[in-house]
Amino acid sequence: MDAGGTAQLRRREMAAAISGAGRCRLSKVGAGRRPPPARVRVAVRLRPFVDGTAAAGEPPCVRGLDSCSLEIANWRNHQETLKYQFDAFYGERSSQQDIYAGSVQPILRHLLEGQNASVLAYGPTGAGKTHTMLGSPEQPGVIPRALMDLLQLTREEGGEGRPWALSVTMSYLEIYQEKVLDLLDPASGDLVIREDCRGNILIPGLTQKPITSFADFERHFLPASRNRTVGATRLNQRSSRSHAVLLVKVDQRERLAPFRQREGKLYLIDLAGSEDNRRTGNKGLRLKESGAINSSLFVLGKVVDALNQGLPRVPYRDSKLTRLLQDSLGGSAHSILIANIAPERRFYLDTVSALNFAARSKEVINRPFTNESLQLRVLAPIKLSQKELVGPSEAKRARGPEEEEIGSPEPTAAPASASQKLSPLQKLSSMDPAVLERLLSLDRLLGSQGSQGTHGLNTPRRERMVLMKTMEEKDLEIERLKMKQKELEAKVLAQEAVDPKDKENSSPAVLRPLARRTVTVAKPLKKAVVMPLQLIQEQAASPNAEIHILKKKGRKRKLESLDASEPEEKAEDCWELQISPELLAHGRQKILDLLNEGSARDLRSLQRIGQKKAQLIVGWRELHGPFSQVEDLERVEGISGKQMESFLKANILGLAACHRCDTS
């Protein structure tokens, strides 16, 4: 026991040293360089025997060698054993504190650096995953211990006098039969998983609860845990039927310039266990749940294999679970995988499968980086005095010539407020308030950093006066040119009104107003019915040439002009639909005959009548008798008035044309 305790102590010190060295390297990496790799760390936990199996004298199928390696019997040759080596191995006598302090606690510091972290509990059903993550009131698991330490860290780092202000929020969800459900708000329904422009995985509509103490966390987490889906099987009376994910987000805001923002996310994931339905006895709903769990875990194994082999496509999108774990496996998070295994021989195949998955996951490489952004802090609006709201020319005239000569030298003392330092090149009263507030905030920010201000805002007084005078001269010249153009336009209009005939012989030196573009209305699309050429020729040769299907008709259209007093008119061709009454009556009679005598196959020859509507018509005819008129179709269930109108338009014209061809 002493040797084992010494080995565990050395392992913890080594893990702390490695995590500290990694933090030092991360702090030295520049923004333009690629972040350093961080391998997924894997820990294996062997639970003790349950149900009195150890008392019966059954030997375990797994045995620990040291704090990092274990061996398991080879199922192909019982004289040999298979050896595995991981980052940590916790035997059946290890406590919850040993697992948390050795594997989980070192990664919490990365959240305060704006980086992501994730802890996954993996293993077959009944191996103790939920006990590892949640624990009990006497032996709390990873989740309560991590939240307690994280909230303590945020209180220390975000206290008064510290450069950063920190806030913590939590979200809790489950993936049940490929549906993302919010455990904090079960009535929200199935949620979608999205990806923003920076590649971050997010869930719109997911509830976020702010927490400042562990009591706040328990107030939200305990009721939400009761909403998780659980069920009884032969191997476990409270088997998890879904994957549970607790998302804790740490937001940091810098109190002083340059007002940086950081965001770190902690994923605490309790995966549902893989199940053998022959041993669990799942039927009905439990069988369906087991299929969804095994399918998502199979995709998880495919993702790990694709990352290890360096394949161009990683199947993250094949499952909601892998889509959510995209940041944890091959992404930008510090990941810890805790593989839970059982010592009983009846779990031998599940234990070997879990160990093989853990060995493959150990080779996955992540690249954590700091999620940091810059945002200027919004300052309070500055109240300006009456002297600052008037322009420089009005202030100059109000002071008089004597005060202007006295105030012309540069003042020796620096102004006290940022509003006195600001000297804009135009009147402050005519500026947009939002622009003015941003300018004043920028000037205060530059003044707080010891800057002398920009050349546009804090130029010497004499140069400012020269620039202002130049701007006033340019404005006066522009106004003069505008007035001259208006006079010339008025002169031209007056000359055209006096002598409109001599308009063409007028002097070329007179400037005319620029022609303005005429805005016309878009032409409507022309619609026509195409008829056979033979039928058109026979119609033209026959004495009954007054029967037309389409008739060309001229129509005048008004054109709107911007400068013209009267709108212009333009002839436009359009087509008008005209149907002979005889053809219309014959078409309706032919449709009525088909409705009363035709079979379902004959009815399908009509436009807008499919197999379903044809069967409805035949059934109605057998029940109520023949149709008296075509409009009786509206009485058939499933045919509305709009459908009836489109049915008549589509069929009468075609049947009429066919009748015309038959008679000719």
| message | If we count only N and O atoms by modelled type, under 3.5 Å, do the side chains of Thr207 and Asp182 hold a donor and an acceptor together? | response | yes
| Spacing of CZ belonging to Phe86 relative to SG belonging to Cys68, to within rounding of 0.5 Å | 11.0 Å
| Asn308 side chain to Arg360 main-chain N or O, any donor-acceptor pair under 3.5 Å? | yes
| query | Got a donor-acceptor contact below 3.5 angstrom from the Glu178 side chain to the Lys320 backbone? | reply | yes
| message | Could you walk me through whether Arg39 and Asp87 satisfy the salt bridge (charged side-chain N to carboxylate O under 4.0 Å, His left out) test, starting with their C-alpha distance in whole Å, then the side-chain angles of each, then the deciding distance to 0.1 Å, before giving a yes or no? | response | CA-CA 11 Å; Arg39 181 176 54 82; Asp87 297 291; 2.9 Å; yes
| field | No-hydrogen, no-angle side-chain donor-acceptor test under 3.5 Å, Ser335 and Ser118 | value | yes
| field | From OG (Ser225) to OH (Tyr172), nearest 0.5 Å | value | 4.0 Å
| query | If we only count heavy atoms from C-beta on, is the Leu329 to Leu307 side-chain gap below 4.5 Å? | reply | yes
| said: Using the rule side-chain contact (heavy atoms from CB on, under 4.5 Å), only one of Leu70, Asp350, Val42, Leu82 pairs with Leu355; which is it? | reply: Leu70
| said: Is it true that Asp98 and Ser94 share a donor-acceptor pair across their side chains at a distance under 3.5 Å? | reply: no
| field | Atom pair CZ/CZ of Arg226 and Phe221 - distance to nearest 0.5 Å | value | 11.0 Å
| query | Given Asn294 and Glu275, is the side chain to side chain donor-acceptor pair (under 3.5 Å) satisfied, shown in steps? | reply | CA-CA 7 Å; Asn294 292 338; Glu275 295 182 350; 6.0 Å; no
| Hey, does the side chain of Asn366 reach the backbone of Ser332 with a donor-acceptor pair shorter than 3.5 angstrom? | no
| message | Strictly distance-based, threshold 3.5 Å: is any side-chain N or O of Ser295 a donor or acceptor partner for the main-chain N or O of Gly291? | response | no
| task | Decide yes or no for Val119 and Ile143: does some side-chain heavy atom of the first lie under 4.5 Å from some side-chain heavy atom of the second? | result | no
| field | Asn74 side chain to Thr81 side chain, donor-acceptor N/O pair below 3.5 angstrom | value | no
| Lys302 NZ to Leu311 CG distance, which is reported to the nearest 0.5 Å | 11.0 Å
| Phe217 vs Phe214 aromatic rings, parallel, tilted or perpendicular, using cut-offs 30° and 60°? | tilted
| task | Heavy atoms only: give me the nearest Arg47-Pro343 pair and the separation to one decimal. | result | O-CD, 3.2 Å
| field | Rounded distance (nearest 0.5 Å) linking atom CG of Leu321 with atom CD1 of Ile175 | value | 5.0 Å
| Flag side-chain contact, heavy atom, 4.5 Å: Ser373 against Gln261 | yes
| said: Determine whether Ser103 and Tyr90 satisfy the following criterion, side chain to side chain donor-acceptor pair (under 3.5 Å), listing intermediate values before the conclusion. | reply: CA-CA 10 Å; Ser103 298; Tyr90 301 98; 2.8 Å; yes
| query | So, Arg241 side chain and Glu289 main chain: donor-acceptor pair closer than 3.5 Å or not? | reply | no
| Given Leu297, Leu324, Leu300, the one that forms side-chain contact (heavy atoms from CB on, under 4.5 Å) with His243 | Leu297
| query | Do any N or O atoms from the side chain of Glu254 and from the backbone of Arg260 form a donor-acceptor pair under 3.5 angstrom? | reply | yes
| message | Other residues, nucleotides and ligands only: do more than 12 of their heavy atoms fall within 6.0 Å of NZ on Lys249? | response | yes
| task | May I ask you to decide if Leu151's main-chain N or O and Thr154's side chain share a donor-acceptor pair within less than 3.5 Å? | result | yes
| query | Arg228 side chain to Ser242 main-chain N or O, any donor-acceptor pair under 3.5 Å? | reply | yes
| request: Identify the heavy atoms of Asn227 and Leu183 that sit nearest to each other, and give their distance. | output: ND2-O, 2.9 Å
| query | Do the numbers put Lys129 on top of the ring of Tyr122, so that NZ or CZ is under 6.0 Å from the six-membered ring centre and no more than 45° off the axis? | reply | no
| field | Distance, nearest 0.5 Å, that separates CD of Gln139 from OG of Ser95 | value | 7.5 Å
| query | Ignoring hydrogens and geometry, is there a side-chain-to-backbone donor-acceptor pair from Tyr100 to Arg145 under 3.5 Å? | reply | yes
| message | Would Arg45 and Gln96 count as a side chain to side chain donor-acceptor pair (under 3.5 Å) here? Give the steps. | response | CA-CA 10 Å; Arg45 183 183 189 184; Gln96 300 275 56; 2.9 Å; yes
| task | Tell me, yes or no, whether the heavy-atom count around Arg317 atom CZ, taken from other residues, nucleotides or ligands under 6.0 Å, exceeds 12. | result | no
| query | Backbone N or O of Ala292 within a donor-acceptor pair of the Ser296 side chain at under 3.5 Å? | reply | yes
| message | Around atom CZ of Arg194, are there more than 12 heavy atoms from other residues, nucleotides or ligands closer than 6.0 Å? | response | no
| request: Could you tell me whether the side chains of Ser69 and Asp66 share a donor-acceptor contact shorter than 3.5 Å? | output: yes
